[in-house]
Amino acid sequence: MVERLVPDALWNLFQRVVPEAPSRPQGGGRRRHGDREVLAAIVFVARSGCTWQQLPSASFGPSGATAHRRFSEWTRARVWAKLHRLVLDELGSRGELDWSRCVIDSVNMRALKRKDLTGPDPVDRGKYGSKIHLITERTGLPLSVGINAANLHDSQALIPLVKGIPPIRSRRGPRRRKPGKLHADKGYDYSHLRRWLREWGITHRIARKGVESSQRLGRHRWPVERTMSWLAGCRRLHRRYERKAKHFLAFTTIACTFICLRRLAC
C-alpha cells in the first residue's frame, strides 16, 4: 500500500524537501513513524476524502492523529509548495512545459465550516464556500494555485497568481516564470489587468464583454477546465472540510503535484 501510494519517484523527490526529524532526548517516548509511511497516509486521505479518524492505521502504521500532526508540521514548513516546484523543475528540465500560452480560471467549492477565506457563493444560493484559482501552461499542467473566499471576484486573483508562478528550470537557458500569452475569460476583462500584463511583458488574450462570443472562449481555455476536473480526483477537494485555509491550500497543492507527476512518469 505504501509503495503504491508513494512510488519511488515521488519518494526520492520528497526526501529533498522534507525537513529533518527533530532530535529527541535520550530515553522514553515511542519510535517516530517513518516519513514515507506518513506521506502515504496523507495521500490516502487526499485521494479517498476520508477523515483523519477514519484512516486505517493498520495499513500504514501511523494513526490519524499522527498523520494529521505531521501534515500540519509539513504545511507550516511549506513542504507541499516546495514539492510542487521540484516536480515542475523536473518537467521543465525535460522540456515538458509549454510556456507559449497559459490559462487562468477558478472553481468554487462548498465549505462545511465558516472559517477563514470562506464566503457566500453567488452561484450556489449564497452557501458558504471557497474558490480555487489556477494557472496552467498550454497542456494543462498547473503552475500556480491559490484559494480565496467564494465571493471574491476572479479579477482580484490574477496578479497574485501570476506573481506566484515560481522560476522553473528550462531545458536550455535560465529559469522561466512568465508565459508568452495569458488567456482568460470575461471575468478578467479589466483595463488595469491588461495594462499590468503588458508591463510584465505578457501578451494578454482576455475575452471582452459584449464583443466576443462564447463559442470562441473555449478554443484555448479548455486545458484549464480539464485540469479543474482532474482536481476532482482528489476527493478531499469535493468539499472544504478544513478549518484552516492553509490546510485546504495544502490539499489543493498536493492534487496539483500529482497531476504533474503523472506527466513526469510518462
Side-chain angles (χ1 to χ4, degrees), residues 75 78 80-81 84-85 99 101-137 140-167 177-212 214 216-218 220-229 231 237 239-240 242-253 255-256:
T75 299
R78 301 192 71 252
W80 313 115
H84 182 211
R85 176 174 175 176
W99 289 93
R101 179 183 295 120
C102 286
V103 194
I104 184 172
D105 205 352
S106 67
V107 62
N108 291 1
M109 300 291 180
R110 186 178 295 185
L112 299 185
K113 304 177 179 66
R114 296 187 181 186
K115 294 298 179 180
D116 52 333
L117 294 187
T118 62
D121 190 345
V123 297
D124 191 18
R125 298 173 296 171
K127 301 290 184 180
Y128 266 66
S130 294
K131 182 178 292 186
I132 298 176
H133 303 273
L134 192 65
I135 288 182
T136 68
E137 48 86 70
L141 295 177
L143 300 177
S144 179
V145 63
I147 63 169
N148 267 306
N151 58 338
L152 183 82
H153 198 274
D154 288 350
S155 61
Q156 299 183 43
L158 185 145
I159 293 177
L161 212 59
V162 173
K163 287 183 175 180
I165 300 177
R177 62 179 306 175
K178 293 192 298 183
K181 299 178 183 178
L182 182 66
H183 286 256
D185 61 20
K186 298 180 182 180
Y188 303 88
D189 183 21
Y190 291 92
S191 58
H192 72 280
L193 296 180
R194 298 175 186 271
R195 183 169 58 252
W196 184 86
L197 289 171
R198 284 195 300 267
E199 291 173 355
W200 266 55
I202 301 174
T203 302
H204 54 77
R205 292 291 185 266
I206 303 176
R208 292 168 293 178
K209 299 174 183 177
V211 177
E212 295 177 280
S214 59
R216 298 185 60 185
L217 295 180
H220 299 300
R221 291 185 57 255
W222 65 267
V224 70
E225 296 175 354
R226 182 186 60 181
T227 303
M228 292 295 187
S229 67
L231 290 179
L237 299 181
R239 294 286 189 274
R240 176 178 165 178
E242 283 66 41
R243 295 178 181 272
K244 297 181 179 180
K246 59 183 180 182
H247 287 179
F248 183 62
L249 177 61
F251 277 119
T252 307
T253 306
C256 292

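Being a predicted model, the structure only gives us computed values, none of them experimental.
- Between atom CG of residue Leu143 and atom CD1 of residue Ile135 there is a gap of 7.5 Å, rounded to the nearest 0.5 Å.
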Apply the test side chain to side chain contact (heavy atoms under 4.5 Å, CB included) to residues Val123 and Asn108: give CA-CA distance (whole Å), side-chain angles for both, the deciding distance (0.1 Å), then the verdict.
CA-CA 9 Å; Val123 297; Asn108 291 1; 3.7 Å; yes
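- Annotation: side chain of Ile104 is not in contact with side chain of Val224 (no heavy-atom distance under 4.5 Å).
- Residues His133 and Ser106 come closest through the heavy atom pair ND1-CB, 3.6 Å.
- In this structure, Lys113 forms no cation-pi arrangement with Tyr128, as its terminal cationic atom is not both closer than 6.0 Å to the ring centre and no more than 45° off the ring axis.
- The only member of Asp105, Val103, Val145, Leu141 that meets side-chain contact (heavy atoms from CB on, under 4.5 Å) when paired with Thr136 is Val103.
- In Arg114, the CZ atom is not crowded: 12 or fewer heavy atoms of neighbouring residues, nucleotides or ligands sit closer than 6.0 Å.
- Residues meeting the ring pair (Phe, Tyr, Trp, His ring centres under 6.0 Å) test with His84, sequence neighbours left out: none.
- Ile147 pairs in a side-chain contact (heavy atoms from CB on, under 4.5 Å) with only one of the listed residues (Thr253, Leu134, Ile132), which is Ile132.
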In sequence, state the C-alpha distance, the side-chain angles, and the governing distance for Tyr190 and Leu158, and then conclude on side chain to side chain contact (heavy atoms under 4.5 Å, CB included).
CA-CA 11 Å; Tyr190 291 92; Leu158 185 145; over 6 Å; no
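- No more than 12 heavy-atom neighbours from other residues, nucleotides or ligands sit within 6.0 angstrom of NZ on Lys244.
- Leu182 CG to Trp200 CH2: the interatomic distance, rounded to the nearest 0.5 Å, is 12.0 Å.
- Residue Pro179 comes nearest to Cys102 through the heavy atom pair CB-SG, 3.3 Å, listed as atom of the first residue, atom of the second, then distance.
- Between Trp196 and Val162, the closest side-chain pair of non-hydrogen atoms falls below 4.5 Å.
- If you take CD on Glu242 and CG on Leu112, they are separated by 9.5 Å, rounding to the nearest 0.5 Å.
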Stepwise, does the salt bridge (Lys or Arg N to Asp or Glu O under 4.0 Å) test hold for Arg194 with Asp189?
CA-CA 8 Å; Arg194 298 175 186 271; Asp189 183 21; 2.6 Å; yes
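- Counting only distance, with no hydrogens or angles, the side chain of Lys246 and the backbone of Thr75 share no donor-acceptor pair below 3.5 Å.
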I'd like to know whether Glu137 forms a side chain to side chain contact (heavy atoms under 4.5 Å, CB included) with Trp99, so could you lay out the CA-CA distance, the side-chain angles of the two residues, the decisive distance to 0.1 Å, and finally the verdict.
CA-CA 6 Å; Glu137 48 86 70; Trp99 289 93; 5.9 Å; no
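- Here the closest heavy-atom approach between residue Pro166 and residue Arg177 is recorded as O-CB, 3.6 Å.
- The minimum heavy-atom distance between Arg240 and Leu117, with the atom names listed, is NH1-O, 3.2 Å.
- Leu231 contributes atom CG, which lies 12.0 Å from atom CZ of Arg226 (distance to the nearest 0.5 angstrom).
- Ion pair Lys131/Asp121 not flagged as a salt bridge, since none of the NZ, NE, NH1 or NH2 atoms sits closer than 4.0 Å to an Asp/Glu carboxylate oxygen.
- Rounding to the nearest 0.5 Å gives a distance of 13.5 Å between CZ of Phe251 and SG of Cys256.
- Pairs passing the side chain to side chain donor-acceptor pair (under 3.5 Å) check and including a residue from residues 140-153, sequence neighbours excluded, read His153-Ser155.
- Between Ala150 and Gly119, the shortest heavy-atom contact is CB-O, 3.6 Å.
- Listed by chain and number, the residues in a salt bridge (Lys or Arg N to Asp or Glu O under 4.0 Å) with Arg110 are Asp124 (sequence neighbours excluded).
- Contact detail for Arg239 and Phe248: the closest heavy-atom pair is O-CE1, 4.4 Å.
- Rounded to the nearest 0.5 angstrom, Ile165 CD1 and Arg85 CZ are separated by 12.5 Å.
- In this structure, Leu193 and His204 have side chains that are not in contact, with every pair of non-hydrogen atoms separated by 4.5 Å or more.
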